[in-house]
Amino acid sequence: MRILVVGGAGTIGKRLVPELRSREHEVVVAGRTSGEVRVDLAEPETIAAMYREAGAVDAVVSIAAHGALDEFAKLTSAELHENMRAKFYGQVELVLQGQHHAADGASFTLTSGIFADEAWPHVTGGGVISGALHSFVLSAAIELPRGMRVNAVSPTMAADSADEFGGQFLGMRPVPMGELVRHYLDCVEGDRTGTVVRAYA
């Protein structure tokens with residue numbers, strides 16, 4: 001398959017992209033400052049340009065964009081909306097625009113997160129974003145044309161990020177990278193659709 005990986009140079013991509021290539025898939029990496037194609041998920045016009053440049057693809061995997069931490073006592077709706085621009089609206093745009101560019105039977109794999117199901121301090125935005133993504137996946141799965149599929153992988157903290165983020169989420173158990181990569185592979189290579197894969201260790 002020809003697979004477009006958005007954010008493929010990041011923490012998960014560094015493990016996922018080589019694994020996809022080892023399975024004889026052709027991988028095109030897209031990112032704001034890295035990869036073969038440039039894209040900023042907060043800017044819909046760059047998503048359109050990315051699809052034009054990348055050409056026909058059989059799968060799109062989104063592992064880019066992280067939601068910002070927030071302080072609930074000072075949180076505003078404007079800040080919440082800004083937090084959603086890339087992580088939620090950007091991933092939604094990947095599907096809404098991608099349905100017109102991707103091949104018949106193509107799949108879209110988005111990334112949400114544990115905060116849709118488990119509350120933690122300072123991640124109200126993260127919870128809202130992930131919950132909204134889950135609802136979007138359920139709806140999009142029954143309306144995508146031409147046999148296309150869509151799923152979301154919802155991880156806890158990735159093991160390779162534990163040193164960087166572990167202090168912010170004390171007590172959260174990271175998901176092993178091998179397990180996390182397998183979830184993305186299953187979404188790309190399998191036949192499931194409308195599924196939220198909860199990768200919670």
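The analysis underlying the following values was restricted to heavy atoms, covering all of them including side chains, and did not include hydrogens, waters or symmetry mates. Residue numbers run from 1 in the order of the sequence given.
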Subject >> Derivation of the side-chain contact (heavy atoms from CB on, under 4.5 Å) call for Ile12 and Tyr184 >> reply: CA-CA 10 Å; Ile12 299 173; Tyr184 283 97; 3.9 Å; yes

**OP:** Report the C-alpha distance between Met148 and Ser107 in whole Å, list the side-chain angles of each, state the deciding distance to 0.1 Å, and finish with yes or no for side-chain contact (heavy atoms from CB on, under 4.5 Å).
**Re:** CA-CA 6 Å; Met148 292 178 173; Ser107 69; over 6 Å; no

**OP:** Please test Val188 against Val61 for side-chain contact (heavy atoms from CB on, under 4.5 Å), starting from the C-alpha separation and ending with a verdict.
**Re:** CA-CA 8 Å; Val188 172; Val61 179; 3.6 Å; yes

Original post:
Is there a side-chain contact (heavy atoms from CB on, under 4.5 Å) between Gln91 and Ile129 once you walk through the steps?
Top reply: CA-CA 10 Å; Gln91 292 197 91; Ile129 289 164; 5.7 Å; no

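In this structure, Lys87 contributes its side chain and Thr111 its backbone to a donor-acceptor pair below 3.5 Å. Thr46 places a side-chain N or O within 3.5 Å of a backbone atom of Glu43 that can act as its donor or acceptor partner. Side-chain atoms of Asn151 do not come within 3.5 Å of backbone N or O of Phe108 as any donor-acceptor pair. A donor-acceptor pair is defined here as one N or O able to donate and one able to accept, closer than 3.5 Å; such a pair exists between the side chain of Gln97 and the backbone of Ala48. At least one donor-acceptor pair closer than 3.5 Å links the side chain of Thr193 to the backbone N or O of Val150. Of the possible donor and acceptor atoms, one in the side chain of Asp58 sits under 3.5 Å from a partner among the backbone N and O of Arg2.
Here the closest non-hydrogen pair linking Gly126 and Phe115 is C-CB, 4.0 Å. Closest approach of His183 to Ala199, counting heavy atoms only: CD2-CB, 3.5 Å. Closest of all the heavy-atom pairs between Ala159 and Pro174 is CA-CB, 3.7 Å. Val123 and Asp70 make their closest contact through N-OD1, 3.6 Å (heavy atoms, listed as atom of the first residue, atom of the second, distance). Between Gly125 and Asn83, the shortest heavy-atom distance links the atoms CA-ND2, 3.8 Å. Taking both residues in full, the closest heavy atoms of Val27 and Arg21 are given as O-NH2, 3.2 Å, listed atom of the first, atom of the second, then distance.
Ile3 and Leu185 fall within the same hydrophobic cluster, where Ile, Leu, Val, Met, Phe, Trp and Tyr residues are linked whenever their side-chain heavy atoms come under 4.5 Å apart, directly or through other members. One hydrophobic cluster, built from ILVMFWY side chains closer than 4.5 Å, holds both Tyr200 and Trp120. Both Leu69 and Met157 belong to a single network of hydrophobic side chains, linked directly or stepwise wherever heavy atoms of I, L, V, M, F, W or Y lie under 4.5 Å apart. A chain of hydrophobic side-chain contacts below 4.5 Å, direct or via other Ile, Leu, Val, Met, Phe, Trp or Tyr residues, connects Met1 to Ile63. Residues Val128 and Phe88 share a single hydrophobic cluster, defined by chaining ILVMFWY side chains whose heavy atoms lie under 4.5 Å apart.
Using a cutoff of 4.0 Å between basic side-chain nitrogens and carboxylate oxygens, Arg149 and Asp191 are not scored as salt-bridged. Ion pairing of Arg15 with Glu19 is absent here, as no side-chain N (NZ or NE/NH1/NH2) approaches a carboxylate O to less than 4.0 Å. Note on Arg85 versus Glu82: salt bridge recorded, some NZ/NE/NH1/NH2 to OD/OE distance being below 4.0 Å. A salt bridge does not link Lys74 with Glu79: every distance from a Lys NZ or Arg NE/NH1/NH2 to an Asp or Glu carboxylate oxygen is 4.0 Å or more.
To the nearest 0.5 angstrom, Arg32 atom CZ is 11.5 Å from Arg38 atom CZ. Atoms CD and CG, from Glu53 and Leu4 in turn, are 10.5 Å apart once rounded to the nearest 0.5 Å. Between Met50 atom CE and Glu93 atom CD the span is 10.0 Å, to the nearest 0.5 Å. Of the inter-residue distances, the one linking Asp186 atom CG with Thr195 atom OG1 reads 11.0 Å to the nearest 0.5 angstrom.
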Side-chain donor-acceptor pairs of residues 98-106 under 3.5 Å, sequence neighbours excluded:
residue	atom	partner	partner atom	Å
Gln99	NE2	Leu96	O	3.1
Asp104	OD1	Arg146	NH1	2.6

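Ring centroids of His81 and Tyr89 are separated by less than 6.0 Å, placing the two rings close together.
When side chains are defined from C-beta on, Val197 does not count as touching Ser154, because their heavy atoms never get closer than 4.5 Å. Side-chain contact check for His25 versus Glu189: some heavy-atom pair is nearer than 4.5 Å. Residues Leu94 and Leu41 meet the side-chain proximity criterion, which asks for heavy atoms closer than 4.5 Å.
Within 6.0 Å of the CZ atom in Arg198, the count of heavy atoms belonging to other residues, nucleotides or ligands exceeds 12. Atom CD of Glu45 sits in a crowded spot, with more than 12 heavy atoms from other residues, nucleotides or ligands closer than 6.0 Å.
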